[in-house]
Amino acid sequence: MRFEETTAVITGIGAGLPEQVLDNAAVIEAGRLRTTDEWIRTRTGIAHRRRVAPGISTGDLAVAAGRGAISSDGGSAPDLLVLATSTPDQPCPATAPYVAHRLGLGTVPAFDVGAVCSGFLYALTTATALLHSGLCRAPLVVGADTYSTIVDPTDRDTAALFGDGAGAVLLRPGRIDAPGAVVAAALGADGSGHQLIAVPGGGSRQPMHLPQLDPKGTTFQMQGREVYAHAVRRMVASAREALDRAGWPAETVEAFIGHQANQRILDAVAGRLGIDPEHRFGNIRDVGNTAAASIPLVMADPVTHGALTSGRRTLLTAFGGGLTWASVALNWPAAVPRTRSPSPELDLTPLSSTDLLRSHAWTPSASTSPPS
């Protein structure tokens with residue numbers, strides 16, 4: 001996919017993060033894991049992650065991020081909402097319509113996208129295509145996940161990896177050379193690897209009301225070594241395809257943001273693409289792997305925002321369960337990110353002009369540091 005002359009332009013960026021911060025020691029203690037803080041840091045690059053409080057859902061995080069993106073844009077209402085998540089509030093109905101309702105968007109189209117950790121880029125590309133077709137003029141794209149609700153805290157291979165969070169962007173029509181413009185995209189999937197990243201139970205193949213073959217069948221399971229090899233290969237190939245469609249040599253990329261799955265994966269992908277360390281941005285150390293939320297949370301991070309000026313050539317790439325992968329080439333946005341804390345599910349406060357004026361910029365935590 002290559003967009004010509006007119007495309008979707010990111011005019012608003014928002015983030016929603018839980019207030020609770022867990023360090024590695026807390027995760028190790030909670031799950032009685034046979035590991036150490038040093039092992040987790042050196043193998044994954046993660047030191048902290050956020051956790052939702054009881055009663056806070058994926059939809060609550062999505063509402064917070066959506067409000068931030070709308071405020072960042074200036075307050076105009078979106079006319080479509082696409083929510084990328086693999087931890088919806090419930091199996092049925094989709095979470096997006098309720099998020100749109102809580103944002104006060106009336107009867108705009110709203111739907112979920114389930115591409116796991118590639119979900120945000122799938123949703124961003126879908127919304128861009130819908131805007132380009134004329135079906136909408138201001139789509140809101142949200143990536144939100146609460147993996148703390150599906151990860152087994154006693155699983156040494158996954159318990160320390162994941163955090164909860166949401167990120168969002170608001171799009172509007174614009175020229176392909178404008179700051180924030182989506183220039184090109186590449187998507188792919190390979191269902192032969194569907195078992196490598198999965199929650200086996202809870203669907204129609206293994207319904208919740210039937211005895212599970214595996215007592216841990218309703219928790220997240222991942223075959224790490226196989227996933228690593230697939231992730232690096234697929235993200236590199238996808239990124240090259242998106243860059244080729246954009247007409248950008250890899251050495252001209254000034255901002256690389258990969259899905260925050262594991263620092264070793266990020267380094268391997270960027271290294272194979274030939275992107276210098278000073279052009280790599282991420283926040284995995286502070287928030288962990290937030291699945292579909294990871295890329296927009298890096299875009300909203302104050303360190304990333306402070307280091308880049310609008311219009312810089314930016315490459316986004318992700319890999320997730322399915323298997324799925326995606327990459328997007330875009331011009332770095334001029335939007336100033338906004339963040340909000342999630343409210344409980346019962347707090348149905350529609351977006352108002354007063355609410356928008358109270359929005360504030362995301363204040364970095366003490367643990368935030370420049371990317372390496």
Just verifying a value: how many Å separate [X] [atom1] and [Y] [atom2], rounded to the nearest 0.5 Å?
X	Y	atom1	atom2	result
I40	L161	CD1	CG	8.5 Å
F256	L316	CZ	CG	9.0 Å
N24	W39	CG	CH2	10.5 Å
S310	I10	OG	CD1	12.5 Å
L83	T58	CG	OG1	8.0 Å
Q260	T44	CD	OG1	11.5 Å

Output every pair passing salt bridge (charged side-chain N to carboxylate O under 4.0 Å, His left out) with a member in residues 166-193, not counting sequence neighbours, ordered by first then second residue.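 Every salt bridge (charged side-chain N to carboxylate O under 4.0 Å, His left out) pair that includes a residue of residues 166-193, provided the two are not neighbours, is D73-R172, R175-D177, D190-R234.
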Using modelled atom types and a 3.5 Å cut-off, is there a donor and acceptor pairing between side-chain atoms of [X] and backbone atoms of [Y]?
X	Y	value
R240	L273	no
D157	M222	no
T87	T146	yes
Q263	I284	no
S72	G68	no
D79	A138	yes
R340	G16	no
T95	P88	no
D267	R264	no
D145	Y147	no

Given side chains that start at C-beta, do those of [X] and [Y] come closer than 4.5 Å, heavy atoms only?
X	Y	answer
M235	I265	yes
T7	V183	no
H279	V253	no
R41	T36	no

Please give me the minimum heavy-atom distance between [X] and [Y], naming the atom from each residue.
X	Y	result
A159	D152	CB-O, 3.7 Å
A242	A184	O-CB, 3.7 Å
A239	S327	N-OG, 3.1 Å
D301	V303	OD1-N, 2.8 Å
L17	P342	O-CD, 3.4 Å
P18	R50	O-NH1, 2.6 Å

The test is side chain to side chain donor-acceptor pair (under 3.5 Å); show your working for R313 and T252 and say whether it passes. CA-CA 7 Å; R313 289 184 174 182; T252 67; 3.0 Å; yes
Ignoring hydrogens and angles, state whether a donor on the side chain of S238 or T317 is under 3.5 Å from an acceptor on the partner side chain.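 There is no such pair between these side chains.
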For [X], does the [atom1] atom have more than 12 heavy-atom neighbours from other residues, nucleotides or ligands under 6.0 Å away?
X	atom1	answer
E226	CD	yes
E29	CD	no
R156	CZ	yes

Using the ring of each side chain (for Trp, its six-membered ring), is H230 parallel, tilted or perpendicular to F319, with breaks at 30° and 60°?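 Parallel, since the angle between the ring planes stays under 30°.
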